[in-house]
Amino acid sequence: MSLAAEKTIGTANPVASAGEAGSLILVIEDDAALLKLIEKCLTAIGHRTWGVTGGEAALTWLETHSPNLMLLDYSLPDMRGEQILQCLEARGKRVPFVVATGHGNESVAVEMMKRGAHDYLVKGSALMKLLPAVVDRALERERQAERLIETEEELRQAHDELEQRVEQRTAELAEVNRRLLVEMEERRLAEERSQQHLAELAHVARLSTMGEMVAELAHELNQPLSAISSYAQACKRLLDSGEGNHGEELSSSLGQVVEQANRAGEIIRRVRRFVAKNTPSEEAIDVNAMIRDVAGVMAFDARSVKAEVVTALTEPLPPVVGDRIQIEQVLVNLMRNGFEALRESPREPRQVTVHTAFDGRRHIVIDVHDNGRGIPPDVLDRVFDRFFTTKPDGMGMGLAISRSIVENHGGTLWATPAAEGGAAFHFTLPIETGELDRGH
Ligand code: ADP
């Protein structure tokens with residue numbers, strides 16, 4: 001160790017900060033006298049120094065210390081300044097430095113500036129004069145660089161934090177989105193279940209209609225059956241009489257038997273069609289013919305409340321497409337509600353009117369209105385709610401089911417007060433596409 005290095009100088013921290021007052025400066029100078037002068041100069045301006053006269057001593061000291069600056073004499077007896085830098089580089093240690101060169105060695109100074117020196121000093125009479133300013137400038141630059149690194153680090157952290165927040169927010173949004181999708185799916189399933197339920201209820205409603213229709217069926221079938229029986233008895237009598245030549249009478253009576261049997265068959269077929277639980281089918285439907293059919297089936301209900309069914313059907317109408325059984329169900333629901341509204345009505349005659357029209361564009365409009373007690377305005381919208389009923393034994397499902405059937409067919413069902421004081425229900429059904437092209 002050099003002479004200069006043996007002395008203790010201040011309290012040299014192993015790691016110093018360029019920001020502190022009194023920075024720690026390693027002075028490497030082989031000329032011991034000059035070294036002393038330099039150290040004196042630097043301590044005079046408030047810095048602490050550690051002086052060494054050779055490269056080896058400097059590297060040893062640097063193993064355990066990190067000065068704020070190193071004043072590096074380029075040509076040392078044991079090595080050149082450049083080698084010290086290489087060794088430090090190999091250790092991965094960066095020490096800010098200012099290089100000092102002899103006269104005529106300015107090119108070396110330039111080279112060292114390229115290698116990262118903050119500044120350079122040329123030994124000579126001006127050295128001591130320039131030294132404080134050069135050292136302080138280098139220290140200041142180093143402080144600035146440190147601040148820059150700190151700011152950059154803060155910025156990087158802020159950026160990382162922001163990224164993290166964005167990631168977190170994105171994840172939260174994705175979670176919300178996922179939950180929304182699950183909820184939508186649940187709602188869709190619930191809607192599907194409720195539609196299924198309505199379809200089942202529609203079937204139940206048809207079956208309960210069926211109970212009443214059995215009475216109507218018995219009543220209706222009675223007529224052709226007794227006619228068949230009468231004609232058959234007449235035929236038997238003619239044959240039993242033994243008199244010949246009744247061919248014409250026999251043929252006419254048997255013709256009546258056939259006709260009445262066909263009529264009975266038609267009644268049964270109509271009922272069977274009505275009760276069948278088909279999956280919704282798509283067929284072209286002649287709405288007017290269907291209304292006549294349903295009105296026929298409902299004749300018994302009408303009679304039971306002393307009402308009549310009036311039809312006011314626009315002819316011809318373009319066909320609609322849909323499930324005939326389901327649409328019949330809508331008509332039955334609306335007509336029965338009409339009959340029930342007429343049950344206690346003082347108005348005469350009690351009428352349920354079914355009216356059809358074509359809106360001239362895409363829909364058939366069917367109106368079912370009665371001259372019964374009507375619907376109070378405050379419940380007009382609620383009548384379509386499930387389980388809304390004002391009847392002691394009502395289910396409150398008829399209109400809800402009807403609306404769902406009509407909407408499934410692409411139409412709408414709504415209620416208004418009827419002109420003559422009762423209730424009017426209207427529903428639309430889209431006509432078969434292609435009909436438009438045929439000029440309807
Ligand atoms: P329900 O007939 O089982 O009560 P609906 O859904 O068919 O179920 O009808 C719901 C309610 O709407 C009825 O209880 C009744 O108050 C009212 N309503 C329906 N149709 C008529 C009508 N033609 N006149 C008066 N009120 C009606």
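Among residues at least two apart or in separate chains, there is no side-chain hydrogen bond (donor to acceptor under 3.5 Å, both in side chains) pair with a member in residues 224-234. Counting only residues at least two apart or on different chains, no salt bridge (Lys or Arg N to Asp or Glu O under 4.0 Å) pair has a member in residues 402-414.
Residues satisfying the salt bridge (Lys or Arg N to Asp or Glu O under 4.0 Å) criterion with Glu248, sequence neighbours excluded, are absent altogether. Judged as a salt bridge (Lys or Arg N to Asp or Glu O under 4.0 Å), and not counting sequence neighbours, the contacts of Glu315 are Arg292. Partners of Glu344 under the salt bridge (Lys or Arg N to Asp or Glu O under 4.0 Å) rule, at least two apart in sequence or in another chain, do not exist in this structure. Residues that satisfy the side chain to side chain donor-acceptor pair (under 3.5 Å) test with Glu183, not counting sequence neighbours, are Arg187. By the side chain to side chain contact (heavy atoms under 4.5 Å, CB included) test, Glu153 pairs with Arg156, Gln157, sequence neighbours left out. Here Val122 pairs with Thr101, His103, Glu106, Tyr120 under the side chain to side chain contact (heavy atoms under 4.5 Å, CB included) rule; sequence neighbours left out. Applying the side chain to side chain contact (heavy atoms under 4.5 Å, CB included) rule to Ala424 yields the partners His369, Thr416, Ala418, His426; only residues at least two apart in sequence or on another chain are considered. Under the side chain to side chain donor-acceptor pair (under 3.5 Å) criterion, Asp381 pairs with no residue, sequence neighbours left out. For the salt bridge (Lys or Arg N to Asp or Glu O under 4.0 Å) test, residues two or more places apart in sequence or in another chain that qualify with Arg91 are Glu63.
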| message | Before you tell me yes or no, could you show the steps for Thr314 and Ile364 under side-chain contact (heavy atoms from CB on, under 4.5 Å), namely the whole-Å CA-CA distance, both residues' side-chain angles and the distance that decides it to 0.1 Å? | response | CA-CA 10 Å; Thr314 304; Ile364 299 292; over 6 Å; no

| task | Tell me, with the steps shown, if Glu308 and Val352 meet side-chain contact (heavy atoms from CB on, under 4.5 Å). | result | CA-CA 6 Å; Glu308 57 179 350; Val352 169; over 6 Å; no

| Worked check of side-chain contact (heavy atoms from CB on, under 4.5 Å) between Ile84 and Tyr74 | CA-CA 9 Å; Ile84 295 179; Tyr74 184 74; over 6 Å; no

| task | Show the numbers, then the answer: is there a side-chain contact (heavy atoms from CB on, under 4.5 Å) between Trp50 and His65? | result | CA-CA 10 Å; Trp50 185 260; His65 295 82; over 6 Å; no

Distance-only criterion, 3.5 Å: show the donor-acceptor pairs between side-chain atoms of residues 111-119 and protein atoms not counting sequence neighbours.
| unit_1 | atom_1 | unit_2 | atom_2 | d |
| --- | --- | --- | --- | --- |
| Arg115 | NH2 | Glu89 | OE1 | 3.3 |
| His118 | NE2 | Glu142 | OE1 | 2.6 |
| Asp119 | OD2 | Arg137 | NH2 | 2.7 |

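Note: Leu317 CG to Thr356 OG1 = 4.5 Å, rounded to the nearest 0.5 Å. We find the CG-CH2 distance between Leu399 and Trp414 to be 14.0 Å, quoted to the nearest 0.5 Å.
Residues Glu185 and Arg188 are paired through a salt bridge, judged by an N-O separation under 4.0 Å between the basic side chain and the carboxylate.
Side-chain polar atoms of Glu266 and Asn262 form no donor-acceptor pair below 3.5 angstrom.
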